[in-house]
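Residue numbers start from 1 in every chain, and the chains themselves are labelled A, B, ... in the order their sequence lines are given, proteins ahead of strands.
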Amino acid sequence: MNLKLYNTLTGSLETFKSLKKGTVRMYTCGPTVYDVPHVGNYRAFLFFDLVKRYLWFLGYEVKHVMNITDVDDKIIAKCVKENVSLETLTAKFTDVFKTDAEVLGIELPELLPKATEHIKEMIDLIKVLINNNNAYKTDDGSVFFKIDSFDDYGSLSEIELDHLASTERVADDEYGKENPQDFALWKKWKEQDGEIGWDSPWGRGRPGWHIECSAMSMKYLGEEFDIHCGGVDLLFPHHENEIAQSVCGTGKSFVQTWLHCDHLLVDGAKMSKSLGNFYTLNDVMERGHSAMALRYLLTSSHYRQKVDLTNEHLYSAGQAVQRLQDFRRRLVEAAGKVTSHQAESPVLADFSSAMKQDLNVSEGLAVVFDWIRETNRKIDSQNMSPNEAAAGLIALERIDSVLSVLTDDLIQITDEEQALVSEREVARKAKNWSRSDEIRDIFRTKGYELEDTPKGTVVKRIYKTTAES
RNA sequence: GGCGACGUACCCAAGCGGUCUAAGGGAGCGGUCUGCAAAACCGCGAUUCAUCGGUUCGAAUCCGAUCGUCGCCUCCA
């Protein structure tokens, strides 16, 4: 059975086949580094990560490129306002992005090209577009893409140009356009841009937003490649414009499969900076949730489905992660010193065939949880051989190579705390239950649960409950 | 105004014409285990899939209408 993905371009579920056998070339729209990314942004980055990890799972080599947008209106405005250089500002938020990504278990691509380091490539592409009569320069030194010159314009988003005219853009840098829907490839320098600008054949200025993705994806992945991902909000106009620029620039078909993930909502509304209803990774963690709970919440429902970020949902996700984590611990115990090179296969096959249906994680997880219950039953009834447990462990790890929610959950406790745990072990042996319970209560107030197992006491972190908010 | 997505138990969610008197997770309740817990396991929990019509031998799944929620059309993951 083959991987099926919903291709926005055709509006249908398609069997995925990479252009080059065994290798997938994938471009994903990365962050605009003008501020701390919010959880909504991570929903998309986590989706890209899921796509990549599952392609790895299937044995593909994945050549992944994600751009860093380090020049745009908001960045420039902020630099000028705070009187910092573009490099300083964007380096700061690029770092935040990378740190957060690591905390969330996102495997960043080997290539994270910055827009500002590819001005030349963009200028070259714009030159081609002007030559091909797909773009024109205005008197003041901006360059616009001529939408009428591309017949297929609107084919991705299914937007009809006639219906667009109702909301005309009024930004002052858009004067001089032949058609209000034409979009900027190059924006002439303005006084409020301060120091920021680059020289070009059309004078000093800066690139339009869309051109960086065309220029950089072509540079690193070639004129035609397999997958391009982004959030649904990029569908129009960004991806539409990217297609127009790229197809007109090369005459090739550009991207084979377009994947778009839906939004993250908070209290039922789209999370966004402009609405002011955004949360950062730190905000979520400060509320007492683990990064893995967030990761699980954002990846466990289907990518084309909206997800509502609430404390209750985060808690629920955290509990599911805990169950997975506890299960792994049980397998490790049951396997003892035995290791296996063979993964238990039925669960892997079932998991994978669910994932092949347009990345149906929900169904994949259902398979996994069924298997967990069955395996736990075997362990409980002592019908689990070390070999079998070891094979199960391999299977779990393979599954987690896609989900990536099983972190090393060993709790760091202080020496004093460790002493208390030891004291309690002694007390328990002496059947001093009141002291045992007292110590357990001390840990509970600190946010830890003590679990007595045949192999000793396990210290677990207690995550937030639904009662608090 | 134009375009689109969605509405399944207390919450999240899969299913996309028959095997559905509908997976899985969380929460809850009852039980086994445990010194007590926790974890694990067992059991309970929607005769019903927003509503109303239609197509069909057969619908949560297809069609239409209605109501509701959300998104895009302007920067946005």
Classify [X] by what it touches in the nucleic acid, base, sugar-phosphate, or nothing, heavy-atom distance under 4.0 Å.
X         : answer
Arg428(A) : base
Arg435(A) : nothing
Asp452(A) : base
Leu264(A) : base
Gly40(A)  : base
Gly268(A) : sugar-phosphate

Going by centres under 5.5 angstrom and planes under 30 degrees, do the aromatic ring of Phe369(A) and the base ring of G24(B) stack?
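The base of G24(B) is not stacked with Phe369(A) (the test needs centres under 5.5 Å and planes under 30°).
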Asp100(A) CG to A77(B) P, straight-line distance once rounded to whole Å:
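Distance check: Asp100(A) CG to A77(B) P gives 15 Å.
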Separation of His263(A) atom NE2 from G4(B) atom P, in whole Å?
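Result: 17 Å.
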Phosphate-side-chain proximity, Thr32(A) and A77(B), N/O vs OP1/OP2 below 4.0 Å:
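Looking at the OP1 and OP2 atoms of A77(B), one of them is under 4.0 Å from a side-chain N or O of Thr32(A).
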Rounding to an integer number of angstrom, what distance separates [N] and [M] when you compare their [atom1] atoms?
N      : M      : atom1 : result
G45(B) : A27(B) : C1'   : 12 Å
C44(B) : C3(B)  : P     : 49 Å
C57(B) : G24(B) : C1'   : 33 Å

Both conditions, 6.0 Å and 45 degrees, for the charged tip of Arg461(A) above the ring of Tyr448(A): are they met here?
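Verdict for Tyr448(A): no cation-pi partner in Arg461(A).
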Lys273(A) to Tyr34(A), cation-pi by 6.0 Å centre distance and 45° axis angle:
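Satisfied, under 6.0 Å and within 45°.
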Checking only heavy atoms, does the side chain of Arg440(A) share a donor-acceptor pair with the base of C36(B) at less than 3.5 Å?
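By the distance-only test, yes, there is a pair.
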G35(B) base to Asp437(A) side chain: any donor-acceptor pair below 3.5 Å?
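By the distance-only test, yes, there is a pair.
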Mind checking who A59(B) pairs with, Watson-Crick or G-U wobble, both distances under 3.5 Å?
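Its partner is none (no Watson-Crick or G-U wobble pair with both distances under 3.5 Å).
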Is there a Watson-Crick or G-U wobble partner for C41(B) with both distances under 3.5 Å, and if so, which one is it?
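Pairing partner: G31(B).
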Can you check nucleotides 14-17 of chain B for protein contacts, nitrogen or oxygen pairs under 3.5 Å, and list what you find?
| unit_1 | atom_1 | unit_2 | atom_2 | d |
| --- | --- | --- | --- | --- |
| A14(B) | O3' | Asn360(A) | ND2 | 2.9 |
| A14(B) | O2' | Glu363(A) | OE1 | 3.2 |
| G15(B) | OP1 | Asn360(A) | ND2 | 2.7 |

Should the ring pair Phe254(A) and Phe225(A) be called parallel, tilted or perpendicular, given that the plane angle runs from 0 to 90° and is split at 30 and 60?
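Plane angle over 60°, so perpendicular.
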